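Here is how names work: the chains are called A, B, and so on, in the same order as the sequence lines, proteins then strands, and each is numbered from 1. As the structure is a prediction and not an experimental result, all values here were calculated from the model.
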Protein chains: 2
Amino acid sequence: MTRGVAPGLGLTTEEGAALEAHLSSLAPLSSRTWKALLALGQRRRLAKGGCFTRPGAPASHFAVVLSGLLRHYYVDARGKESVKAFRGPLDVSAPYAELILRRPSRTYIEALTRTELLVFRFDDFEALARDSVELQRLARRFGEVHFVQKEQREYEFLMLSAEERYRQFCARMPELLQHIPQHQVASYIGITPVALSRIRARSRRP
Amino acid sequence: MTRGVAPGLGLTTEEGAALEAHLSSLAPLSSRTWKALLALGQRRRLAKGGCFTRPGAPASHFAVVLSGLLRHYYVDARGKESVKAFRGPLDVSAPYAELILRRPSRTYIEALTRTELLVFRFDDFEALARDSVELQRLARRFGEVHFVQKEQREYEFLMLSAEERYRQFCARMPELLQHIPQHQVASYIGITPVALSRIRARSRRP
DNA sequence: CGCTCGCGTTAACCCGGGTTAAGAAACGCC
DNA sequence: GGCGTTTCTTAACCCGGGTTAACGCGAGCG
């Protein structure tokens, strides 16, 4: 593989091109800005089960997933996990709310499989973006897209039954079903693994 | 009352100053940008029960609440209402997700009391903001703040019981309790009025 | 090979909340 | 002031989902 985009990073041309295309779909970047941005990133590998972020740690970085799969989740006082999100290739992964609020993370971000990340210090991004319309627009777009996702989730919790939420999940993220243990899907839609198993049994053969 | 800020709008100096202070807390604006922005707004009065937005209508405007109280809600096929948000003075109210996606609104925004708004055409804002770092930063900040609110709500649905959500609501928005009928609070926290009444009875006298 | 461990399923029991309905209190509206 | 409407409460009944526990299965590993 050639390494033409950003030699220092070891990003392949394919990776770089896909990433640029994906980010450009949010907001276009001049090639100058794009290069400056990319220069801020650092490649990092996460073993299965490894954590990008854990509660208590200061929220200071965000990352683009190059390959692999991450899950974002909370853990309550009794140890119950609640899955907030999954992130795959080209998705941005971060303790986003905590970065915005400049508070310590309260979420785990954990690799479900071996995962490769392109990691950025948030403050580096902020410094680069300070007077850049392009990057402010990108950051704006990014916030908006994530807002829309959370509002969709709010809609589902307010308006749909657990069974309907499960159907939506299957329809919306069919690829994930292959790679994610079922009890984490249950947690994502806000029910227990037992309840999800019943829902599936019900819809398999009545 | 004096009308020194934006004579054409009929905004009082107090209103203008409070609004500017509030928006500046999100992101600072030069007084030039601030004036240009304000000039885009139109005052509008909503009678109790009047709607700023309803499902099916194109999402084209957002508004700042000058006085009064709004509620945002969905209605499903069987007529069940689900309250998404409340908005009071200085809050921005809009079918935000639909503006972002440029889709027709799917939410009602309705006045709970007589309400005064400062209404903006979204496209006017976009045109003004296109090359303005200040306004892109403001819009970014706005998106981020709303994302954080929705994620907090996701946290509450995933991690808290209905009773805990109710306590949080009371703690977080005590002023609203005076002005909002209880069944709308119930809807906001995702339960029925009957269930909320039981929760209150339980905590009143065990 | 046999072990353990994580995962999914099933069953039994319980409880929170949904549903329906009826009645009481508060609030406009004329 | 009278009257309908909206709001809140309470009760009875039902059901979805939580909890606990037992079992089977496949994967990983010593």
* Any donor-acceptor pair under 3.5 Å between the side chain of B:Arg198 and the base of C:dG18? -> yes
* **Toward the 5' end of DNA chain D, by each residue's nearest nucleotide, A:Val194 or A:Ala162** => A:Ala162
* So is B:Arg106 actually on top of A:Tyr155's ring, under 6.0 Å and inside 45° of the axis? -> yes
* Structure fact -> The nucleotide from C:dG8, D:dC8, D:dT10 with an atom nearest the side chain of B:Gln182 is D:dC8
* Kindly point out which of C:dG18, D:dT19, D:dT9 is positioned nearest to the side chain of B:Thr192? => C:dG18
* Rounded distance (Å) that lies between atom C1' of C:dG17 and atom CZ of B:Arg165 -> 11 Å
* Interatomic distance, B:Arg200 CZ vs C:dG16 P [rounded to whole Å] -> 19 Å
* Interatomic distance, B:His183 NE2 vs D:dT9 P [rounded to whole Å] -> 13 Å
* D:dG16 C1' sits how many Å from A:Ile189 CD1, rounded? -> 13 Å
* Less than 6.0 Å separating the ring centroids of A:Tyr188 and A:Phe86? -> yes
* Rounded distance (Å) that lies between atom P of C:dG17 and atom CG of A:Leu158 -> 15 Å
* Do NZ/NE/NH1/NH2 and the carboxylate oxygens of B:Arg71 and B:Glu81 come within less than 4.0 Å? -> yes
* Closest to the B:Ala195 side chain, choosing from C:dG18, D:dG18, D:dT7 -> C:dG18
* To do: Kindly point out which of C:dG17, C:dG8, D:dG17 is positioned nearest to the side chain of B:Arg202?
  => C:dG17
* Structure fact -> Atom NZ of B:Lys48 and atom P of D:dT5 are separated, to the nearest Å, by 16 Å
* Donor-acceptor under 3.5 Å (A:Ser24 side chain, A:His22 main chain) -> no
* To do: Provide, to the nearest angstrom, the distance between the CD1 atom belonging to B:Ile199 and the P atom belonging to D:dC8.
  => 14 Å
* Asked: Is B:Arg200 paired with B:Glu163 through a side-chain N to carboxylate O contact shorter than 4.0 Å?
  -> no
* Asked: Can you tell me how far C1' of C:dG6 sits from CG of A:Leu112, to the nearest Å?
  -> 14 Å
